[in-house]
Amino acid sequence: MSTVASSELPKQYHHAEPERRWYQFWQQQGYFHSEPDPARKPYSIVIPPPNVTGALHLGHALNNTLQDILVRFKRMQGFNALWMPGTDHAGIATQAVVERRLLTEEKKSRHDLGRQQLVERIWAWKQEYEQRILGQLKRMGCSCDWQRTRFTLDETCARAVRHTFFRFFEEGLIYRGKRLVNWDTYLQTAVSDDEVFHETVAGHFWHLKYPVIDPQDGEPEFVTVATTRPETMLGDTAVAVHPDPAAALDAAEAELQKKLAAAGDKQRPEVQQQLADLQERRRTMLGPLEQLRDMALAGRKVLLPLLNREIPLVADVWAKPELGSGCVKVTPAHDPNDYDVGLRQQLPMINILNPDGTLNASAGPYAGLSMAKARDKVVADLETAGLLAAVEEREIELAHSDRSKTPIEPYLADQWFVKMEQLAQSAMDAVTDERVQIFPTRYARGYLDWLSEKRDWPISRQLWWGHRIPIWYAPDASEAELKKAFAGRDDVVWHRDEDHGGWLVCALEEDLDEQAVPGRRLVQDPDVLDTWFSSALWPHSTLGWPEQTPELAYYYPTSALVTSRDIITLWVARMVLMGLHNMHDVPFRQVFIHPKILDSYGEGMSKSKGNGVDPIDVMEKFGADALRFGLAYLTTETQDVRMPVDFECPHCNTLVEQTKKNRVLPRVTCKQCGKDFSTQWASKPDDVALPRGPVVSERFELARNFCNKLWNAARFVLLNLEGYAFAPIADADLAVEDRWILSRLSSVTSQVTAALEQYHFADAMRLAYEFAWDEFCSFYLEMVKNRLQDPAARPVAQQVLAHTLDNLLRLLHPAIPFITEEIWHLLAAAAPERGLARSERPAESVMKADWPQPETARQDSAIEARFAHFQDVLRGLREIRSRQNIPPKTPIRFALRTSDEIVELLRPMAAAIQSMANAEATAWGPDVEAPPTCARLALTAGEVLVDLAGLIDKDAEIARNEKERERLTGFVQGKRAKLANANFVDRAPAEVVQKERASLVEAEQKIAALEATLAALRA
RNA sequence: GGGCGCAUAGCUCAGUUGGUUAGAGCGCUAUGCUCACACCGUAGAGGUCACAGGUUCGAGUCCUGUUGCGCCCACCA
């Protein structure tokens, strides 16, 4: 690698070129690749595979930054570190994106293309976005082992899926059954509960009257039921009433009484009103409801209007007497609750829908209509028949499919399920007994709660993009025929198809031929598996399972999983249970849940909202290191990260605030220059033609500035390394500032290490930042300048400088890999041999360097205390200079009044004080005389007295001293009151009391000094 | 409805087991282009720690309640 002469280094760090160069270098050197090596300890992470639906945003950037920090950190610590990369096919999400595009651009549906062609289109899409995603990760500096890149739909993963399915099926953990599912009529597939969102829309509440068949004396002619979806009445198979209305009303009343007791003053009237309403209801409706209940028990029926079907009255607890009419229509095939009623009451289940959302033959005269049209017609027909009792306006929560954004219809369909009883329990145990640790620990609760429900997992999706279910139907074959056809094969198993008769045949790796059973036709199930089925296998499938590979033996269980909280249940829990089932061990030992990145409105970033930020934009402007450092710096334990973002106008570079309004526009007008620029939404040619306004956030300035500071510190070091030669340094040769910076370096090294081990990323960044900026740059570099001019002192100074920078680069490398590598090589050229007492050859790359070990022997509290006093004196002198408006170039003289002990500590710092504050000490000691005209400033332990002969601004000095006196007087009053409190003096620990007394005395002394100063100034 | 989290300077956030009169970065004011860095230095202004109670000698920190915000789960004929 070529290096630039240090004198040619620019004053500002330019990130673009080094980022490209070093990433290429690392890849060429094969640094990211890991092979099993029993002699070394492994450290492994599998990436949460990004969906190939689209490009990555800042949330992904955070997720991957943290993983790369961990991997680079562990690699430097000597672990054989593997970061396994890959992407997720994201079944429904990807298919939906491609189908939507197909529709908008070509006005075609998937059925126009057919299964094979659509899948080809999706593969093309996948290629494009996978490239983009992997490119984004590389640009960020991610040190993934790219040779091992996997895709959840590739051959290796497919094999793992087949084996898992086969074993589950063999063990009876997978079954098929008719279940009410969330049906997406647009995509024509079932979607899981997790893929459904609710939206409040204006709707109606219709009250329908069903005639009672042959009402007897005293019996009502109608029962009234209410619904928000009147068209579903076509599938009604009963009307329910509560079996014990009195008891139910009692329970409801008891509930309200409880609520009343707990209610605050504000809610009380409302609860009282509810209670009164309930009591009124009991008075008027209990009788009628009991009568209906008796009719139900007697097997009486009502007539379903429009279809004129006789349906029974049933007694079921689902009908709540405290709500509505107390009666409820039961549509088992189209409502989850009614489905349960249907099972309990053994009611017929009538499916009135076609897969595309139109009504089928069961809807009689309404067949062929869409749900919406059917609704209008049903309502109109009921009204004509005089059976519409009332219509209310009402806001309703309507379920929508997350993927197609169309309303969900509950729909009865054949689906495949995984039995969760045992599997869930095993995953719960793994967390309970801490084989898997979750950080922060509070997230374990949600994980356990969700698993404890042990709800069976619906795994079939009526899609074309995904792992095809390896089941073949043999409806008319006999078991004898199967036995004969598959004799001697252990890769085929079959179970009876309980619902439909015939056989379900599962094949392990090879698909079955239609003619596999002579004379019988086998038909493969058209469905694919839920995308989480393959992601759940990720930690072991990527390592080669079911093959017993060396990788699997070496890297599994993986060390850590880094992910965000919204997929703890969907993904993390399922990986644990799959890992336990297939590998008999947990998939990872630790899980770190990181914050979410929110926009300035507190909303999560997502593509559909338009508030997603492309990390490339941020990197273009600030650099990959700044992106990474900035994100890690924000990764605290508790908080989500709020990130206000702006467009940067490509014409005039000013920032245009991103609002809810403009963030979804294809073009935005700059307020500053009035010109238009395009955004991520641009699709029309004249929009696309405009220069693009990248989306950035000022929040990365801190990190960008930090990188620049580090760069300039390095520049300073390099400019001063001329003539550098290594020679062993004895501790006695070290100057005070050397001992101080080495002491601090040791402390900071152990603190940063501990923070990273505990996933306290923000702490680690803050510690390194403050050490680099406030200690190394602001003090050490300033102090060492004098010695660099002194030929006798120069060599030791150079060596400590190079050594400290070397260690700092290593501490920072996991977070900011590019700039540290760039400087590392510049430093290697200038100082090829480093170290203090012993010579050390720098590694060929900082990536391969050892993680710094704290040299605890160098930690020196006396030196650190001395520096505290020194910094105190400097601060005092600078403050007086500023107050008095004395220009920095004007030298000042000062006396320091403090104890002999501190004088001894500070005397060696005189030269530093001279150079850093342009101030000369004229006298030191406990009894120094104050110059006749002087500014005084109290320190922690003493006082600086600046001779102001010819310089003084009396008024400013008086004002400042008065203000300080006022502050101290308040302080002293507080302390006196505290110490006069017998309770405090008696009960607080003696050392606390002692500390308070000392600080009181100190403050009183300071006040006395101020009084004297003021008197002198006024004289 | 159940659960989790949050509320500290204009903005974005730190604040260890309770212990001197609460910190950082940005922004703001003043000032300095001093030979690493103006993406910088120096100094300054700026806070009833959401509100109300309680525990304690002592509360930003612990407890209870209230309000507001965010998220997860369940459910609403």
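What you see is a predicted model, and the numbers here were worked out from it, not measured in a lab. The chains referred to below are lettered A, B, ... by the order of the sequence lines, with proteins before strands, and numbering in each begins at 1. Values below: every heavy atom of this structure, side chains too, minus hydrogens, waters and symmetry copies.
The phosphate of B/rU12 (OP1 or OP2) has no side-chain N or O of A/R699 nearer than 4.0 angstrom. In this structure, A/K785 does not reach the B/rU34 phosphate: none of its side-chain N or O atoms is under 4.0 Å from OP1 or OP2. Distances shorter than 4.0 Å separate none of the side-chain N or O atoms of A/K889 from OP1 or OP2 on B/rU34. In this model, the phosphate group of B/rA74 is approached by a side-chain N or O of A/R455 to a distance below 4.0 Å at OP1 or OP2.
Note: A/Y633 and A/Y769 have tilted aromatic rings, judged against thresholds of 30 and 60 degrees for the angle between ring planes. Between A/Y780 and A/F776, the two ring planes are parallel [angle under 30°; tilted spans 30° to 60°]. Below 30°, between 30° and 60°, or above 60°: for A/W711 and A/Y13 the angle between ring planes is between 30° and 60°, a tilted geometry.
When heavy atoms are screened at a 4.0 angstrom cut-off, A/C707 is found touching no nucleic acid atom at all. Residue-level contact check: A/R445 touches the backbone only, with heavy atoms under 4.0 Å from sugar-phosphate atoms and none from bases. Within 4.0 Å of A/T228, counting heavy atoms only, lie sugar-phosphate atoms of the nucleic acid but no base atom. Here A/Q751 lies out of heavy-atom contact (under 4.0 Å) with every strand. Here A/W318 lies in heavy-atom contact (under 4.0 Å) with sugar-phosphate atoms only. Counting any heavy atom pair closer than 4.0 Å across all strands shown, A/R881 reaches no nucleic acid atom.
B/rA22 and B/rU67 have their C1' atoms separated by 25 Å, given to the nearest Å. As rounded to the nearest Å, B/rU61 and B/rA50 have C1' atoms that lie 16 Å from one another. Only the C1' atoms considered, B/rA59 is 14 Å distant from B/rU8, to the nearest whole Å. The separation of B/rC75 from B/rA7, taken at their C1' atoms, amounts to 29 Å, rounded to a whole angstrom. Comparing B/rG41 with B/rU34, their P atoms are spaced 15 Å from each other, to the whole Å. B/rU66 sits 13 Å from B/rG3 when the P atoms are compared, rounded to a whole Å. The P atoms of B/rA38 and B/rU20 are separated by 39 Å, rounded to the nearest whole Å. Rounded to whole Å, the separation between the C1' atoms of B/rC72 and B/rC13 comes to 24 Å.
Checked for salt-bridge contact, A/D790 and A/R787 miss the test: no charged N lies under 4.0 Å from a carboxylate O.
Atom CZ in A/R997 sits about 13 Å away from atom C1' in B/rC57, given to the nearest Å. Protein atom CD of A/E453 is 11 Å distant from nucleotide atom C1' of B/rG2, rounded to whole Å. Rounded to an integer number of Å, the gap from CG of A/L702 to C1' of B/rA14 is 13 Å. In this structure, A/D646 places its CG atom 13 Å from P of B/rU12, rounding to the nearest Å. Atoms CG (A/L451) and P (B/rC72) sit 18 Å apart, rounded to a whole Å. Straight-line distance from the CD1 atom of A/I568 to the P atom of B/rC4: 14 Å, rounded to whole Å. Atom-to-atom, CZ of A/F776 to P of B/rC37 comes out at 15 Å; the value is rounded to the nearest Å. In this structure, A/L598 atom CG and B/rU12 atom C1' are separated by 12 Å, rounded to whole Å.
Checked by atom type, the side-chain pair A/T331/A/K329 shows a donor-acceptor distance below 3.5 Å.
Among all heavy-atom pairs drawn from A/C707 and A/I816, the shortest one is SG-CG2, 4.2 Å. Closest approach of A/I593 and A/S564 over heavy atoms only: CG2-C, 4.1 Å.
When each of A/Y769 and A/D335 is assigned the nucleotide of RNA chain B bearing its nearest heavy atom, the one mapping closer to the 5' terminus is A/Y769.
A donor and an acceptor atom never sit less than 3.5 Å apart when one is taken from the side chain of A/E770 and the other from the base of B/rA14.
Within the shown strands, B/rA52 is the pairing partner of B/rU64 under the Watson-Crick or G-U definition, both distances less than 3.5 Å. Applying the Watson-Crick and G-U wobble criteria (two distances, each under 3.5 Å), B/rG27 pairs with nothing in any strand. Using the Watson-Crick or G-U wobble rule with both distances under 3.5 Å, B/rU17 pairs with nothing in any strand shown.
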Annotated protein contacts, base or backbone, on nucleotides 39-44 of chain B with a non-hydrogen cut-off under 4.0 Å, one of B, S, - each: BSSSSS
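Taking the ring axis of A/Y443 as reference, the NZ or CZ atom of A/R565 does not stay both within 45° of it and closer than 6.0 Å to the ring centre.
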Step-by-step side chain to side chain contact (heavy atoms under 4.5 Å, CB included) determination, A/N720 to A/F716: CA-CA 6 Å; A/N720 285 287; A/F716 173 82; 3.3 Å; yes
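No more than 12 heavy atoms of other residues, nucleotides or ligands lie within 6.0 Å of CD in A/E722, so this atom counts as exposed by the packing criterion.
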